[in-house]
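The structure appears right after this line, and notes come after that.
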Amino acid sequence: MKKGQVAIEFIFLILVIIVYLFTVTKPLAESASDAARDIEAITRTDAETQKVVNSVNRLALMGDGSKETISVFTPAKSTIRCFPDGNIGFSLRISDKIKPFPQACQSGTCDKNFPVPKSVKINCLLQTLVGYVQIKKASGEITVTQGS
C-alpha cells in the first residue's frame, strides 16, 4: 500500500516541477530572447548607418566626380535616413515586452544620429536609405541617391 502512495507523491512532485518550469522560466527565457534580438537589430542598424557615414566622409576627402555604391540592409522595424542638417541617423522600434526600456531607447524607439563635418554639404534624394545607395561628389556637394 505504501508503494502506491510513494508513486502518487512522486508523480505529484514531478507535476509541480513541470508547472513551475512553464510558469516561471519560460517567460524569462522569452524575455531574454527578445532582448537578444533587439540588441542584434540595434547593432546591425548601427553598423549599416556607420557604413553610410564612413562613405560620405571618405568621398568628402576626394575630388569632384568621385562616387561610391554601397549596399544598405536594415533589420525589420528600422530606418536609416539622412537629414537636411547634415546628420545621418537611424531609428529602430524595439520589443514592447522588454520593460523598462534602455536609457537610449525611451518609449521603445531607439534614435541615434551621426554628425557629418560642417564643411560637408549633403543633398539626400531618398526618404530612407535601403538597398543599393549611390553616394557621389560633384561641385563640392555630396549627393545620396538610389544605386543600381
Side-chain angles (χ1 to χ4, degrees), residues 1-62 66-118 120-137 142-148:
M1 202 59 153
K2 294 250 183 198
K3 289 182 181 181
Q5 181 181 354
V6 171
I8 290 173
E9 288 176 359
F10 182 72
I11 291 171
F12 183 71
L13 182 64
I14 295 297
L15 182 65
V16 168
I17 291 171
I18 290 173
V19 168
Y20 175 78
L21 287 175
F22 278 103
T23 58
V24 175
T25 58
K26 188 171 187 260
L28 290 174
E30 288 175 355
S31 176
S33 175
D34 288 341
R37 270 189 239 113
D38 285 340
I39 290 170
E40 178 200 11
I42 291 169
T43 304
R44 286 181 53 210
T45 306
D46 184 78
E48 292 296 308
T49 307
Q50 191 65 46
K51 184 173 24 173
V52 174
V53 171
N54 289 342
S55 181
V56 167
N57 288 336
R58 205 171 20 255
L59 286 175
L61 298 173
M62 295 182 179
S66 301
K67 69 179 178 178
E68 188 172 317
T69 302
I70 59 173
S71 59
V72 178
F73 297 104
T74 59
K77 300 181 186 177
S78 66
T79 56
I80 299 176
R81 292 190 170 100
C82 54
F83 302 100
D85 65 356
N87 288 336
I88 297 174
F90 71 86
S91 65
L92 171 72
R93 182 87 181 131
I94 61 173
S95 174
D96 291 333
K97 296 178 185 177
I98 301 170
K99 298 232 175 133
F101 293 120
Q103 185 176 1
C105 304
Q106 293 302 321
S107 73
T109 302
C110 301
D111 287 314
K112 185 174 181 183
N113 287 327
F114 295 89
V116 176
K118 298 285 185 203
V120 178
K121 295 178 186 175
I122 297 178
N123 181 16
C124 190
L125 303 177
L126 299 173
Q127 291 284 13
T128 59
L129 306 178
V130 66
Y132 291 105
V133 176
Q134 188 174 68
I135 303 167
K136 44 187 166 175
K137 183 176 182 182
I142 305 289
T143 305
V144 181
T145 60
Q146 194 67 45
S148 54

Checking N113 against F83 for the side chain to side chain contact (heavy atoms under 4.5 Å, CB included) test, could you report, in this order, the C-alpha distance in whole Å, the side-chain angles of both residues, the deciding distance, and whether it holds? CA-CA 9 Å; N113 287 327; F83 302 100; 3.5 Å; yes

Test V72 against V52 for side chain to side chain contact (heavy atoms under 4.5 Å, CB included), laying out the working first. CA-CA 8 Å; V72 178; V52 174; 3.7 Å; yes

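Residues in residues 4-21 take part in no salt bridge (Lys or Arg N to Asp or Glu O under 4.0 Å) pair, two or more places apart or across chains. Judged as a salt bridge (Lys or Arg N to Asp or Glu O under 4.0 Å), the pairs with a partner in residues 46-55 (not counting sequence neighbours) are, in order, D46-K112, E48-K51.
Interatomic distance, CG of L15 versus CD1 of I8, reported as 13.0 Å (0.5 Å rounding). To the nearest 0.5 Å, the span separating NZ on K137 from NZ on K67 amounts to 16.0 Å. For the atom pair CD of Q134 and CG of L125, the computed distance is 10.5 Å after rounding to the nearest 0.5 Å. Between atom CG of residue L13 and atom CD1 of residue I17 there is a gap of 4.5 Å, rounded to the nearest 0.5 Å.
The side chain to side chain contact (heavy atoms under 4.5 Å, CB included) test with P75 singles out one residue from E40, R44, R37, and that residue is R44.
Take K26 and apply the side chain to side chain donor-acceptor pair (under 3.5 Å) test, not counting sequence neighbours, and it matches E30. By the side chain to side chain donor-acceptor pair (under 3.5 Å) test, S55 is found to be paired with E68, residues two or more places apart in sequence or in another chain being considered. Remark: I18 pairs with I14, F22 by the side chain to side chain contact (heavy atoms under 4.5 Å, CB included) rule, at least two apart or across chains. For the side chain to side chain contact (heavy atoms under 4.5 Å, CB included) test, residues two or more places apart in sequence or in another chain that qualify with S91 are T79, R81, T109, D111.
I42 approaches F90 most closely through the heavy-atom pair O-CZ, 4.5 Å. Closest approach of I94 to C110, counting heavy atoms only: CG2-SG, 3.8 Å. Heavy-atom minimum distance, P27 versus V24: CD-O, 3.5 Å. Of all the heavy atoms in A41 and L92, the pair that sits closest is C-CD2, 3.8 Å. Across every non-hydrogen atom of I142 and A60, the tightest pair is CD1-N, 3.9 Å.
Between F73 and Y132, the ring planes are perpendicular. Angles over 60° get that label, and only those under 30° would be called parallel.
Between I88 and V144, the closest side-chain pair of non-hydrogen atoms is not below 4.5 Å. With contacts defined as side-chain heavy-atom distances shorter than 4.5 Å, the pair K136/L59 does not qualify. Using a 4.5 Å cut-off on side-chain heavy atoms (C-beta onward), V130 and I80 make no contact. For the pair C82/L126, no side-chain contact is recorded, criterion being any heavy-atom separation below 4.5 Å from C-beta on.
Side chain of S33 to main chain of A29: no donor-acceptor pair is present (N/O by atom type, distance under 3.5 Å, no hydrogens or angles). Of the possible donor and acceptor atoms, one in the side chain of T43 sits under 3.5 Å from a partner among the backbone N and O of I39.
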